[in-house]
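These notes concern the structure reproduced below.
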Number of protein chains: 2
Amino acid sequence: MPRGKIPIKRIEDPTTRHVTFCKRRGGLLKKACELSVLCDAEIALLIITPRGRIYEYASNNMKSTIDKYKKQTTSVRSNTYSREEMDDQFMQFYQQEVKKLRKQIYTSQISNEHLQGEGLDSLGMKELKQLETRVEKAISRIRSKKVTANFSSHLQL
Amino acid sequence: MPRGKIPIKRIEDPTTRHVTFCKRRGGLLKKACELSVLCDAEIALLIITPRGRIYEYASNNMKSTIDKYKKQTTSVRSNTYSREEMDDQFMQFYQQEVKKLRKQIYTSQISNEHLQGEGLDSLGMKELKQLETRVEKAISRIRSKKVTANFSSHLQL
DNA sequence: AGCGCTATTTATAATCG
DNA sequence: TCGATTATAAATAGCGC
C-alpha cells in the first residue's frame, strides 16, 4: 500500500506489527459493518491476538450467528461421519496444527539467532544492514530503559 | 468508492446489491486473511446471506476459534470440544502438545522482542544489563560479517 | 505513543462489451 | 447477465510530532 507495498507475511518488527494490526483491524471491522448494512448480510467477525485479546463484530448477535453456522455445518456432517472418521479429521487437524506451530517456532528461533549475531552466513548485505539497524535501535532502547529504571530505583530510596 | 461514492445503507436494487455483495465479500475475506498473516492474529469470519448461504474464513480452525471466544466470554466452561470425543486420551495429548508449543512460541517471541528493545518494562536493572551485553555482542558480530560479505562481493568482480 | 499526514496501493461503483 | 475495464474513493505504510 502506501509508501511502498509490503509482502503478505508475518511482520517481524513488533512495533510495526502492532501499528499495522491496529490500523487493519479497524479497517476490517469497518468493512464488515458496511457489507452487512449495504447487502443485508448477517456477519460475525472474531479477531484474537496471540496474547488473547479479543476484538469482535456481529451485525446481529454473535451467539445466534454462530449457532446458525453450526446448525448448517453440523446437520450435514455429524450424522454421516462415523466415530473413526471423526477421529481421522481430528488427527489430521492435530498434525497440521503441530506442523504449523513447529514451523513458527523454527522461524522465531532463526530470527532470535540473527538478533544475537548468530547464523548470519545465509544473509546478504542488504539483510545484514537491516539487521544492524534493528539491533542499533534495540540497544538505544535498552540503554534508555536502563536510565529510566535507574531513576525509578533512586526515587524509592 | 469509484465513480461516485455510495451512502452506507441498504442497497434497494437487488441486482446492484448482489453485485456489491460479491465484490465486497471477496474484499473482506481477503483483508481478513491478510490481517491474520501480517499480524499473527487468529481470525474467524462468518457471512450469512438472507437466503442462508454461508461464506466463511478461519485463519486457524473455525470451531477452535469460536470455542476460544466462548471460553473468554462465558464465565465457566469445563471443556473445549464436544463431549463425544472428549474422553479420548488422544485429545488430551493433543491439547497438551499444542499448549506446550504455543508456550514455546510465546517465550521465543518475548525473547525476540527483548532483543529488539521492545517490552522491556518487566525487566530489572540486572536483566537490562545482561541484555545490553548480548546486543552489543550481536552488533559487533553483524558488523564483522558485513565486512566479510563486502570483501567477498568485491572478489567476485 | 497514539494521532495526523500523505504518497501510494488497493478496493470497488459504474460503465462497457 | 456477466466479466472486464476504468475512474475514483478508501485504506494504509512509513513518517513526523
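By convention in this document, chain letters (A, B, ...) are assigned in the order of the sequence lines, proteins followed by strands, and residues within each chain are numbered from 1. Bear in mind the structure is a predicted one, so any value in this text is a computation, not a measurement.
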Closest approach of A:T15 to A:R141 (non-hydrogen atoms, all atoms of both residues): OG1-NH2, 4.3 Å
Atom pair distance, as rounded to whole Å: CZ in A:R17 and C1' in C:dA1: 17 Å
Value in whole Å for how far the P atom of C:dT9 lies from CD1 of A:I6: 13 Å
Between P of C:dA13 and CD of B:E12, the distance in whole Å: 16 Å
What are the atom names and distances for every N/O pair under 3.5 Å that joins the protein to nucleotides 5-7 of chain C?
residue, atom, partner, partner atom, Å
C:dT6, O4', A:R3, NH2, 3.3
C:dT6, O2, A:R3, NE, 3.3
C:dT6, O2, A:R3, NH2, 3.1
C:dA7, O4', A:R3, NE, 3.1

Length of the line joining A:R24:CZ and D:dG14:P, which is rounded to integer Å: 11 Å
Contact summary for A:I142 and B:H114, nearest pair of heavy atoms: CD1-O, 4.1 Å
CD-CD1 distance between A:E42 and B:I54, expressed to the nearest 0.5 angstrom: 9.0 Å
Nearest-0.5 Å distance that lies between atom CD in A:Q72 and atom CD1 in B:I48: 7.0 Å
Test item: B:T148 side-chain N/O and B:S144 main-chain N/O as donor-acceptor pair under 3.5 Å: yes
A:K5, NZ atom: more than 12 neighbouring heavy atoms under 6.0 Å: no
Rounded interatomic separation in angstrom, taking CD from B:E118 and P from C:dA1: 13 Å
Of residues 26-52 of chain A, the positions that come close to DNA chain D - non-hydrogen atoms, cut-off under 4.0 Å: A:G27, A:K30, A:K31
Under 4.0 angstrom between B:T20 side-chain N/O and C:dA13 OP1 or OP2: yes
Electrostatic pair A:D67-A:K63, nearest N-O below 4.0 angstrom: yes
Member of B:R102, B:Q96, B:Q95, B:K100 meeting the side-chain contact (heavy atoms from CB on, under 4.5 Å) criterion with B:V98: B:R102
Sugar-phosphate only, base, or nothing, as touched by B:T15 at under 4.0 Å among non-hydrogen atoms: nothing
Rounded distance in Å - CD1 (A:I8) to P (C:dT9): 14 Å
Spatial distance of atom OH (A:Y55) from atom OH (B:Y69) [nearest 0.5 Å]: 15.0 Å
Protein-nucleotide distance (B:F21, atom CZ; C:dT12, atom P), rounded to Å: 13 Å
